[in-house]
Structures are given as C-alpha cells and as structure tokens.
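In what follows, a single structure is set out as structure tokens and then discussed.
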Amino acid sequence: MTQSLKKKLLAIGGVGLAAAAIAFGLGFDRAAAGAIAGSLVGMFNCYLLHAAASQKSEGDQPKALAVNLFLRSLMRMGISMIALLVALRFGVEFLIGALAGILSETATYTGDAVRLMLKRWR
C-alpha cells in the first residue's frame, strides 16, 4: 500500500468520522452508525480504484487500462448501491448516514481538486 493511498484512506475515514460525530451530536445515533459503515464502503471503493489505476496492464496499453478503470468504476457503483439497499433494512436514518459516509470519498476528491486549483493560482 502506497503512502498516498494511506493518506487518502485516512482522509476518507476522517470525513466519515466527522459526519458521524455531527450526526451523533445532533441526536441521530443511527445516522452516525450509518456514516461510519458508509465511510468503510467509501474506503473500500477508493482502494479498488487505486488498485486498478496503479496496476500494470498487458503491454502497458492505455486502452486496457481505461477498460479496467471503467469496469472498476461500475463495480464501485454496484457496491455502493448494494450497500445502500442493505442500509435501508436498518431504517431511513441509517440509510442517510450511510449515504453521507459513502460520499465522504467524493468529499476528499473535491478537497483535492480545490487544493490543486489553489496551488495553480499561486
């Protein structure tokens, strides 16, 4: 596991824990549990994409890498949809928390994009 992946997974976990702390502080215990569970799904999805992007394809063909990334993205979407369907079994509050946890991955990507834009403007 590379250093950048470790940092990304820690960031996703941190955003998920922050969402859980906010939900818990507002009195939504099930949403807090859902946020923690969802952030674990987000971390797994991040790992899947990172593993596909860092993998060497046969002959280093860009087309093979693009197809692999596309298939992994579809698999990540399926995992997220299944996780949300399972979360629904625990109630709407848990579902909303799980959605917030899964989106913690997206929040870290947005943070990376903002940092990159600010770095270019300087």
Side-chain angles (χ1 to χ4, degrees):
M1 191 178 304
T2 65
Q3 195 69 8
S4 64
L5 178 59
K6 286 180 186 178
K7 286 182 182 180
K8 178 58 73 179
L9 293 177
L10 281 174
I12 294 169
V15 171
L17 283 176
I22 291 170
F24 188 75
L26 292 174
F28 298 108
D29 299 348
R30 287 186 182 191
I36 291 171
S39 66
L40 292 174
V41 173
M43 292 168 79
F44 181 69
N45 283 343
C46 179
Y47 173 77
L48 283 177
L49 193 63
H50 187 273
S54 62
Q55 188 177 59
K56 295 289 183 186
S57 60
E58 295 178 15
D60 291 333
Q61 296 178 359
K63 186 177 179 181
L65 179 62
V67 169
N68 194 13
L69 286 173
F70 177 71
L71 291 175
R72 289 284 176 108
S73 293
L74 286 177
M75 186 167 57
R76 291 172 62 224
M77 186 173 59
I79 289 169
S80 295
M81 287 177 16
I82 290 169
L84 291 173
L85 287 173
V86 169
L88 186 58
R89 305 266 307 154
F90 294 101
V92 175
E93 192 176 308
F94 190 89
L95 172 71
I96 292 170
L99 179 62
I102 290 171
L103 291 177
S104 64
E105 178 188 12
T106 306
T108 60
Y109 293 150
T110 303
D112 291 343
V114 168
R115 272 194 302 275
L116 183 62
M117 286 187 328
L118 291 175
K119 187 176 181 181
R120 288 195 171 226
W121 284 346
R122 290 181 193 182

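Every value quoted in this text rests on a predicted model; they were computed, and no experiment measured them.
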Do I22 and F28 land in one hydrophobic cluster if side-chain heavy atoms of ILVMFWY residues count as linked below 4.5 Å?
yes

Distance from I36 atom CD1 to F24 atom CZ, nearest 0.5 Å?
9.5 Å

Has the side chain of R72 got a donor or acceptor atom that lies under 3.5 Å from a matching backbone atom of L48?
yes

How many angstroms lie between atom NZ of K119 and atom CG of D112, to the nearest 0.5 angstrom?
11.5 Å

Show your reasoning for whether side-chain contact (heavy atoms from CB on, under 4.5 Å) applies to H50 and T2.
CA-CA 10 Å; H50 187 273; T2 65; 3.5 Å; yes

Between K8 and Y109, is there a side-chain heavy-atom distance shorter than 4.5 Å?
yes

If you measure from CG on L9 to OH on Y47, what distance do you get to the nearest 0.5 Å?
9.5 Å

Per the side-chain contact (heavy atoms from CB on, under 4.5 Å) rule, which among I102, L40, T108 passes with I12?
T108

Is it possible for you to say whether L116 and W121 belong to one hydrophobic cluster, with membership spreading through side-chain heavy-atom contacts below 4.5 Å?
no

Nearest heavy-atom approach of F94 to A33 is CE1-C, 3.7 Å

When you compare the side chain of L84 with that of V41, does any pair of heavy atoms fall below 4.5 Å?
no

Is it true that atom CZ of F70 has more than 12 heavy atoms of other residues, nucleotides or ligands lying nearer than 6.0 Å?
no

Count the heavy atoms belonging to other residues, nucleotides or ligands that lie under 6.0 Å from CZ of R76, then report whether that count exceeds 12.
yes

I need the S104 OG to L99 CG distance, nearest 0.5 Å.
10.0 Å

Pairwise distance CG(L5) to OG(S54) - rounded to 0.5 angstrom
8.0 Å

Would you check if L95 and F90 make a side-chain contact, meaning some heavy-atom pair closer than 4.5 Å?
no

Assigning hydrophobic clusters by single linkage (Ile, Leu, Val, Met, Phe, Trp, Tyr; side-chain heavy-atom cutoff under 4.5 Å), is I82 placed with M43?
no

Residue pair S39, V15: steps toward the side-chain contact (heavy atoms from CB on, under 4.5 Å) verdict
CA-CA 8 Å; S39 66; V15 171; over 6 Å; no

Grab the two heavy atoms, one from A32 and one from A23, that are nearest each other, plus how far apart they are.
N-CB, 3.8 Å

Could you walk me through whether N45 and S80 pass side-chain contact (heavy atoms from CB on, under 4.5 Å), step by step?
CA-CA 8 Å; N45 283 343; S80 295; 2.9 Å; yes

Straight-line distance of Q3 CD to K6 NZ, nearest 0.5 Å:
5.5 Å

Checking side-chain contact (heavy atoms from CB on, under 4.5 Å) for the pair M77/S73: CA distance, chi angles, key distance, verdict?
CA-CA 6 Å; M77 186 173 59; S73 293; over 6 Å; no

